[in-house]
Amino acid sequence: MTTKRHKKILLILLCLFVANLANAQIPTVTKVDPPSWWAKHTISPVRLLVRGTNLNGAKVSSLNSELRVSTVSVNEKGTYAFVDVEISPSLSPGKYPLVLANRGGSTMIPFGLEPPLNARNNFQGITTDDVIYLIMTDRFADGDPSNNAPKDAPPEANDRNNPRSFHGGDLRGVINRLPYLKDLGVTAIWLTPWYDNWNGVNRCDKPWCPNTYYHGYHAIDYYAVEDRFGDLATLRELVQKAHSLGIKVIQDQVANHVGARHPWVTDPPLPTWFHGTLANHQLNKFQNSALLSPHANPLDVRNTLDGWFSDDLPDMNQEEPEVARYEIQNALWWVGVTGIDGIRQDTIQYMPRFFIRDLSNALHRQYPKLWMVGEVFERDAAQTAFFIGGHTGWDSIDTKLDSVFDFALWNASLLAFTNRASMRLLPHQLKYDALYPDASKLTVLANNHDTMRFMSLEGASLERAMMHVAFVLSVRGIPQLYAGEEIAMQGREDPDNRRDFPSEAFNSEGRTTEEQKRMFAWTREWIRLRREHAAFRTGRLIDLYADDETYVFARQLPTDTVIVAFNRAAKEKRIEIPASSLGLANNVLFRSGSLHALVTHGELSLTLPAQSAVALE
Ligand SMILES: [Ca+2]
Ligand SMILES: [Ca+2]
Ligand SMILES: [Ca+2]
């Protein structure tokens with residue numbers, strides 16, 4: 001075997017020598033996507049995108065007979081080769097470099113097989129049993145100051161005084177703070193994108209300059225970890241340590257666009273790789289209704305799907321099959337190498353619905369429990385419902401998407417709990433659950449890194465913020481919190497809503513203000529209630545009472561009923577609910593701390609404290 005392999009290498013070197021004599025240009029390889037794959041994978045062959053120079057006429061071969069390799073195509077400039085690799089099911093994990101040769105010579109393509117991770121404690125998916133916690137990695141915790149100044153970065157790229165610079169937060173910081181998250185009780189963390197982004201600083205004479213891509217939404221490499229956040233080994237360590245504490249991990253993926261500094265932008269693998277070019281493209285006008293309406297003008301649909309999110313976010317063309325295939329493999333690769341449990345897919349509605357379906361199907365085929373939530377940032381439930389999976393739209397497509405964020409209910413909750421709308425808005429909004437095949441699949445955000453923090457809204461107060469988070473943690477669906485809300489942080493529009501998490505507040509003695517203490521204890525308590533009562537997680541939601549200041553609902557299972565009551569008024573309120581609506585007998589007792597409510601004469605009488613939420617068990 002070894003001799004055979006040596007002979008082959010010798011032959012290649014000889015070819016290289018002869019080719020040099022003939023003065024042909026030697027091929028070089030600078031990158032291969034994906035760098036590794038798995039035996040017995042649902043995607044076989046896997047298609048590699050090989051970047052390099054002088055690749056024209058390349059033929060790729062393997063030194064191992066258990067890898068069957070064929071060159072599919074090389075682009076006109078000879079800078080990219082598409083290569084199919086079929087992996088024998090019996091081949092063990094390890095390094096299996098491939099040989100690329102043409103008239104100019106030959107070179108190696110690094111490639112390997114990964115050991116498969118155990119599916120019992122990886123790829124677990126997200127359910128209503130979970131509470132998701134959004135972390136903006138750069139702004140959470142700096143666990144490794146040594147990565148704050150990469151060699152190619154100007155010093156001002158890392159500047160805590162500039163809200164648009166990197167601030168030093170990283171994966172090690174998240175690992176260090178896992179005990180804090182465990183104590184709070186959250187069961188899943190969603191990290192903003194960890195793809196490698198450009199290390200430099202954008203300069204302009206606008207108010208948003210100088211700025212950096214600290215947020216991670218401008219990928220320059222879909223297969224690399226941001227060097228300021230750590231490396232792949234640290235990421236794997238994070239996922240495994242989180243799993244060992246019962247905390248799942250959700251990756252923020254961005255298939256719709258890459259950063260303008262991505263090498264593809266000046267040298268795309270195919271002319272059809274992007275919608276347009278840096279010099280010549282449409283800007284998205286965000287006529288999002290066009291994506292829902294069966295009657296939309298096709299030009300508006302094309303603009304919303306193909307237009308660039310901004311001039312520095314080149315829009316990927318998923319209607320090019322090579323792009324769709326690349327992105328699907330990329331999504332699977334991250335799941336496979338890290339063991340993550342879910343994906344949050346950015347700006348999902350700006351991609352064709354068939355692609356959302358194909359991506360969802362590919363993920364489920366390989367990882368049946370894996371979960372993906374799509375960002376359809378719309379306050380209209382008709383639009384978010386159109387994108388969730390489980391039903392077929394007028395276009396005959398079921399996206400198979402596991403979840404969407406419930407921006408409509410989030411919006412209603414902010415309005416109701418800041419006294420800008422009647423509390424009746426909450427049941428009014430919830431009636432649109434009729435649009436969903438299963439509303440319990442919705443992800444109910446309390447806030448996120450694109451929205452103002454509750455405490456900075458007009459009409460906000462601590463009590464109101466507390467009612468809002470209690471609502472998110474008790475209503476149907478999967479709750480999602482945003483780091484810092486549990487200590488009542490303030491923050492107006494982006495980037496003010498992305499202030500650094502105060503590191504002292506990770507410890508209870510460091511939470512010194514009344515607001516921090518009360519909000520933390522409150523959030524933790526509602527997460528505990530949710531954990532201890534299945535009715536909060538899977539019970540049917542039943543409206544019991546609503547007026548301008550009050551909303552009361554039950555979450556009911558055959559074996560367990562909880563009543564959740566919100567009274568935003570400045571004084572306590574007594575209400576009566578017919579017990580028959582819940583099928584409750586006389587003398588059933590509900591409790592919440594010192595608050596007791598007894599069913600008597602077929603009625604449940606509740607005295608609701610002022611400006612508060614109570615859960616009666
Ligand atoms: Ca750091
Ligand atoms: Ca970087
Ligand atoms: Ca698009």
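Read the numbers this way: they start at 1 and go in the same order the structure lists the ligands and their atoms. In what follows, every heavy atom counts, from backbone to side chain, and hydrogens, waters and symmetry copies are set aside.
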Side-chain heavy-atom pair V29, M108 within 4.5 angstrom cut-off |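 A side-chain contact is absent here, since even the closest heavy-atom pair is not under 4.5 Å.
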Indicate yes or no: at least one non-hydrogen side-chain atom of R498 is less than 4.5 angstrom from one of H449.
->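 Of all side-chain heavy-atom pairs linking H449 with R498, at least one is under 4.5 Å.
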With the Ca ion (ligand 2) as the apex, the OD1/OD1 angle for D227 and N199 - to 10° =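 Output for this angle: 80°, rounded to tens.
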Taking the Ca ion (ligand 2) as the vertex, what is the angle from O of N197 to OE1 of E226, given to 10 degrees?
-> 80°
Please say whether the positively charged group of R139, taken as NZ for Lys or CZ for Arg, lies over the ring of Y214, i.e. under 6.0 angstrom from the six-membered ring centre and within 45 degrees of the axis.
-> yes
Over-ring placement of R160 relative to F166, 6.0 Å and 45° cut-offs |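 Here R160 fails the 6.0 Å and 45° test against F166.
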To the nearest 0.5 Å, how far apart are CG in L278 and NE2 in H262?
-> 13.5 Å
Spacing of F386 atom CZ and H391 atom NE2 [to the nearest 0.5 Å] | 8.0 Å
N/O/S atom name from D196 that is nearest to the position of the Ca ion (ligand 2) |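 Result for D196 and the Ca ion (ligand 2): OD1.
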Do you see an N/O/S atom of Y213, backbone or side chain, under 3.0 Å from the Ca ion (ligand 2)?
-> no
Is D33 salt-bridged to R51, cutoff N-O under 4.0 Å?
->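 Not counted as a salt bridge, because no side-chain N and carboxylate O are separated by less than 4.0 Å.
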R236/E114 ion pair, N-O < 4.0 Å =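 Yes.
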Side chain to side chain donor-acceptor pair (under 3.5 Å) evaluation trace for N256 with D346 | CA-CA 7 Å; N256 183 60; D346 189 59; over 6 Å; no
When you check the space around the Ca ion (ligand 3), which protein N, O or S atoms turn up under 3.0 Å?
->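 Listed by chain and number, the nearby protein N, O or S atoms are N256 OD1, L305 O, D315 OD1, D315 OD2, Y350 O.
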Pair listing, disulfide (SG to SG under 2.5 Å) test, anchored in residues 208-245, at least two apart |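 Pairs touching residues 208-245 that pass the test: C204-C209.
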Sorted by chain and residue number, the salt bridge (charged side-chain N to carboxylate O under 4.0 Å, His left out) partners of R302 (sequence neighbours excluded) come out as D306, E319
N, O or S atoms of the protein lying under 3.0 Å from the Ca ion (ligand 1) |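 Listed by chain and number, the atoms are D142 OD1, D144 O, N147 OD1, N148 OD1, G168 O, D170 OD2.
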